[in-house]
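When a residue number appears, it is its place in the shown sequence, counting from 1.
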Amino acid sequence: MTPITEVEGRRVALSNLEKVLYPETGFTKGELLHYYATTATALLPHLRDRAVSFLRYPDGPDGQLFFTKNVPPGTPEWVTTSEVPRSSADSPARMVVVQDLPSLVWAANLVTEFHTHQWLVRSPEEADRLVFDLDPGPPANVVHCCEVALWLRERLAADGIDAYPKTAGSKGLHLLAAVRGSSPEQTSEYAKALAVEAERRMPRLVVHRMTKSLRPGKVFVDWSQNAGRKTTAAPYTLRARRTPLVSTPLTWDEVADCRDPGQLEFRAEDVAPRLQDHGDLLAPLLDPGSAAPLP
């Protein structure tokens, strides 16, 4: 019988709580749900008012992985949804918007990574986030990403934009900034220009094109996730990796001091102590007053 729990007055069906999702560590679905419930105070503000794409892995990272963008069958009527524009040739999609703890617990029961757009559902024509995904091509690793991140931080600061780092929860880094007054297309153009500039300044380390043959030993500065249709892994989401790694906000000192990839690997159990010590390091992104215009 599927257990039912009550979350803030909503009845949420849970399933397979003893199922091991990460065999290497024995991390179970019940532990995944506990992680999301206890991290919700930090996570929910970064999901709220954003359409969510789910990268589902119901049988763990070694099983089938698949994206769910449209509202899944069986979604409770109390879960907020929103129409989301797609290309001009396609009709709008209807996607989930995770607004509260019951919706988060319901979505977590699907076993998913949470991915969001760089705009809010009420204003898809205006980007409120700028993102760079720094993806190392082996033998490059996150240490090399940190070098690139520090350069981008200074370059963005020269344009009056404050950047905040987090781990991708896999092998790279994400940089996020709060912006205003520009479309996703304009934000993409700006991000691409900085990626090209980074490659010009650090040609042995950086590549701005996705071409696989160009990427070994370099950091791919992926600017394309600023496009209106693209999504990026949300802060604090668990990732479908070998172990229960989390996309974890960082201090700039941690970025500057990184000498080994293991320094920037954080699992689910590491996040609560970090929140206790630092609070939400990405909280400034949530302050509308911190959003900067693009130059």
Item to complete: Apply side-chain contact (heavy atoms from CB on, under 4.5 Å) to the pair Trp106 and Val7, showing each step before the final yes or no.
Response: CA-CA 10 Å; Trp106 163 79; Val7 183; over 6 Å; no

Discussion item. Determine whether Thr251 and Asp253 satisfy the following criterion, side chain to side chain donor-acceptor pair (under 3.5 Å), listing intermediate values before the conclusion.
Written reply: CA-CA 5 Å; Thr251 69; Asp253 284 344; 5.3 Å; no

When clusters are formed by joining ILVMFWY residues with side-chain heavy atoms under 4.5 Å apart, either directly or through shared neighbours, do [X] and [Y] land in the same one?
X: Tyr35; Y: Leu281; value: no
X: Leu43; Y: Tyr164; value: no
X: Met202; Y: Val207; value: no
X: Leu275; Y: Leu282; value: no
X: Met95; Y: Leu120; value: no

Please check this pair: side chain of [X] against backbone of [Y], looking for a donor-acceptor N/O pair closer than 3.5 Å.
X: Ser188; Y: Pro184; answer: yes
X: Thr5; Y: Ala13; answer: no
X: His144; Y: Leu205; answer: no
X: Asn109; Y: Ser15; answer: yes
X: Thr116; Y: Leu47; answer: no
X: Asn226; Y: Val131; answer: yes
X: Ser247; Y: Pro235; answer: no
X: Gln99; Y: Asp49; answer: yes
X: Asn141; Y: Val143; answer: yes
X: Arg180; Y: Ala291; answer: yes

Practice prompt. Examine Phe114 together with His46 and report whether their ring centres are nearer than 6.0 Å.
Written response: no

Worksheet entry | Donor on one side chain, acceptor on other, Thr231 and Gln225, under 3.5 Å |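 Their side chains do not contain a donor-acceptor pair, so the 3.5 Å distance test is not met.
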
Worksheet entry | Between Gln263 and Asp260: side-chain donor-acceptor atoms closer than 3.5 Å |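 Asp260 and Gln263 do not have a side-chain donor-acceptor pair below 3.5 Å.
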
Worksheet item: Cation-pi between Lys192 and Tyr190: NZ/CZ under 6.0 Å from ring centre and within 45° of the ring axis?
Response: no

Discussion item. Could you tell me if Arg56 sits above the aromatic ring of Phe67, with its cationic atom closer than 6.0 Å to the ring centre and no more than 45 degrees from the axis?
Written reply: no

Would you indicate whether the side-chain heavy atoms of [Y] and [X] approach each other to under 4.5 Å?
X: Asp128; Y: Val179; value: no
X: Leu173; Y: Asp135; value: no
X: Phe266; Y: Pro273; value: no
X: Leu21; Y: Thr28; value: no
X: Val12; Y: Ile4; value: no
X: Lys19; Y: Asp59; value: yes
X: Arg50; Y: Arg129; value: yes

Discussion item. The test is side-chain contact (heavy atoms from CB on, under 4.5 Å); show your working for Thr211 and Arg215 and say whether it passes.
Written reply: CA-CA 7 Å; Thr211 309; Arg215 294 170 61 179; over 6 Å; no

Closest non-hydrogen atom pair between [X] and [Y], with its separation:
X: Cys145; Y: Pro136; value: SG-CD, 3.5 Å
X: Asp280; Y: Ala42; value: OD2-O, 4.1 Å
X: Leu285; Y: Ala178; value: CD2-N, 3.5 Å
X: Ala127; Y: Trp119; value: CA-CB, 4.3 Å
X: Leu130; Y: Ala191; value: CD1-CB, 3.9 Å
X: Tyr36; Y: Ala108; value: CD1-CB, 3.6 Å

Regarding [X] and [Y], does a basic nitrogen lie under 4.0 Å from an acidic carboxylate oxygen?
X: Arg10; Y: Asp100; value: no
X: Glu18; Y: Lys29; value: no
X: Glu254; Y: Arg274; value: yes

Fill in: Within residues 198-249 or reaching into it, pairs that qualify as ring-ring contact (aromatic ring centres under 6.0 Å, His included) - sequence neighbours excluded
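Non-adjacent pairs meeting ring-ring contact (aromatic ring centres under 6.0 Å, His included): zero.
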
Worksheet entry | Contacts of Glu24 that satisfy salt bridge (charged side-chain N to carboxylate O under 4.0 Å, His left out) - sequence neighbours left out | Arg242

Item to complete: Report the C-alpha separation of His115 and Leu55 in whole Å, then their side-chain angles, then the decisive distance to 0.1 Å, and conclude whether the side-chain contact (heavy atoms from CB on, under 4.5 Å) test is met.
Response: CA-CA 7 Å; His115 292 243; Leu55 177 57; 4.0 Å; yes

Worksheet entry | side-chain contact (heavy atoms from CB on, under 4.5 Å) between Thr248 and Asp270, intermediate numbers included | CA-CA 9 Å; Thr248 307; Asp270 300 319; over 6 Å; no

[atom1]-[atom2] distance between [X] and [Y], expressed to the nearest 0.5 angstrom:
X: Leu245; Y: Thr25; atom1: CG; atom2: OG1; value: 9.5 Å
X: Asp133; Y: Thr232; atom1: CG; atom2: OG1; value: 6.5 Å
X: Arg239; Y: Lys171; atom1: CZ; atom2: NZ; value: 11.0 Å
X: Ile161; Y: Arg153; atom1: CD1; atom2: CZ; value: 14.0 Å
X: Asp257; Y: Cys146; atom1: CG; atom2: SG; value: 9.5 Å
X: Ser170; Y: Glu113; atom1: OG; atom2: CD; value: 8.5 Å

Worksheet item: Taking everything shown except Arg94 itself, do over 12 heavy atoms lie less than 6.0 Å from its CZ?
Response: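 Above 12, so yes.
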
Discussion item. For His34, I'd like to know if atom NE2 has over 12 heavy atoms of other residues, nucleotides or ligands within 6.0 Å.
Written reply: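 At most 12 heavy atoms, drawn from other residues, nucleotides or ligands, come within 6.0 Å of this atom.
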
Discussion item. Thr187: which residues meet the side chain to side chain donor-acceptor pair (under 3.5 Å) condition with it, sequence neighbours left out?
Written reply: none

Worksheet item: What residue among Leu110, Thr112, Val79 forms side chain to side chain contact (heavy atoms under 4.5 Å, CB included) with Pro72?
Response: Leu110

Practice prompt. For Glu126 and Ser182, run side chain to side chain donor-acceptor pair (under 3.5 Å): C-alpha distance rounded to whole Å, both residues' side-chain angles, the deciding distance at 0.1 Å, then the answer.
Written response: CA-CA 6 Å; Glu126 180 178 355; Ser182 297; over 6 Å; no

